[in-house]
Amino acid sequence: MNLNFPPTLEWRGDHLRLLDQTKLPDEESYLEIRNVAQLCDAIQRLVVRGAPALGCAGAYGVILCYREACRCRGLPKDTFRYLTGELAAARPTAVNLRWAVERVAKRIEPFEKYDAAERERRLEAEARAIHDEDRAMCEAIGRHGAELLPQTHATLMTHCNAGALATGGSGTALAVMYAAQAAGVALKVFADETRPLLQGARLTAWELARAGIGVTVICDNMAASIMRREKPDAAIVGADRIAANGDVANKIGTYGLAILARHHGVPFYVAAPSSTFDPSLKSGAEIPIEERARAEIARPYGAHTVPDGVDVFNPAFDVTPAELVTALITERGVLRPPYEQSIAAMMRTQPA
Ligand code: MRU
């Protein structure tokens, strides 16, 4: 799909170029990432964010880990392991980051088997493969998801940003919208602003408007009224990690939207690639939930909104129980309950 967006991330041979998402929608500017500390910092500040994009950034980051390990004193193998460990842990909830870092790092095991040039070649080839696969997964998710929507007009809701900015391709939840639009469906999308960092207002609205899709930003607490008034055809969101039983970790507020969708009889779809599934976890209770800084809530964009000394709780994600999810849209097809079985069967199939 040709969306004509600036690339979210781009490997340039000796460094990683990231579109700085903290600056959107005001500014399209880039950060040139040349070492592991810079990449971890960019990941933690959400310069690059969204589970699949974190996976792609982490994959290229392993090349930086290797080069840095070779420049350091001591055994490159030990330093490489330490640096990849730091990178994989930069954000804990999206499983794609650890999955991609480990997958790329494995390509030079056993370390002694390859010379330096071969190690570099193998790392770069694997990172590029992850990025290419991610693009293809987005396209397939879009196709499968669009088939679930009405053929002429659809009103949709979404939360956070699960679009091109959050992946190495066209997105997950938003890929469904782009595919539906390409098939001639007239879309009206309500995007939750997504407190506290406004990924919906800043990023989803930026993407959809650029793609010519009618988007209206609402405050998160307006979602119930919009559901009653507009009777949307579906709510579609992305995911950071999906457990073996179908419980879904995604941006804080997703759980609330799922409850509202159930109450109003609106189908609630979660769009995610197989790289976001973590079958090693039985349920969402085992998913680590990132807690972020007080200042994001108490002093957003420089303004003081909470009195000094008052506690603030800032979990970045919540877990939506599988029973609230109508279907999971993956690149390998649409999964329905019971999810233990459909997820296990999907994970066994090879990509087409
Ligand atoms: O904190 P963020 O912006 O990284 O959170 C992103 C989300 O919650 C997305 O919905 C999720 O990663 C899926 S992106 C295709």
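Each ligand, and each atom within it, is numbered from 1 in the order the structure gives. Keep in mind the model is a prediction, meaning the values are calculated, not measured.
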*Checking Arg262 against Phe268: charged group under 6.0 Å from the ring centre and within 45 degrees of the axis?*
no
*Asp14 CG: over 12 foreign heavy atoms closer than 6.0 Å*: yes
*May I ask you to decide if Ser274's main-chain N or O and Thr330's side chain share a donor-acceptor pair within less than 3.5 Å?*
no
*asked:* Applying ring pair (Phe, Tyr, Trp, His ring centres under 6.0 Å), can you list everything that pairs with Tyr66, at least two apart in sequence or on another chain?
replied: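 Once residues adjacent in sequence are excluded, Tyr66 has no partner under the ring pair (Phe, Tyr, Trp, His ring centres under 6.0 Å) criterion.
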_For Lys231, side-chain hydrogen bond (donor to acceptor under 3.5 Å, both in side chains) partners two or more places apart_ = none
*asked:* Under 4.5 Å side-chain heavy-atom separation, chaining through any Ile, Leu, Val, Met, Phe, Trp or Tyr, what else clusters with Ile289? Say none if it is isolated.
replied: Leu281, Ile287, Phe317, Val319
Anything under 3.5 Å between an N or O on ligand 1 and a protein N or O? List each pair with its distance, or write none.
unit_1	atom_1	unit_2	atom_2	d
ligand 1	1 (O)	Arg91	NH1	3.4
ligand 1	1 (O)	Arg91	NH2	2.9
ligand 1	1 (O)	Lys251	NZ	2.7
ligand 1	3 (O)	Arg49	NE	2.8
ligand 1	3 (O)	Arg49	NH2	3.3
ligand 1	3 (O)	Gln199	NE2	2.9
ligand 1	4 (O)	Gly50	N	3.0
ligand 1	4 (O)	Arg91	NH1	2.8
ligand 1	8 (O)	Asp240	OD1	2.8
ligand 1	8 (O)	Asn250	OD1	3.1
ligand 1	8 (O)	Lys251	N	3.2
ligand 1	10 (O)	Asn250	OD1	2.6
ligand 1	12 (O)	Ala51	N	2.8
ligand 1	12 (O)	Asp240	OD1	3.1
ligand 1	12 (O)	Asp240	OD2	3.1

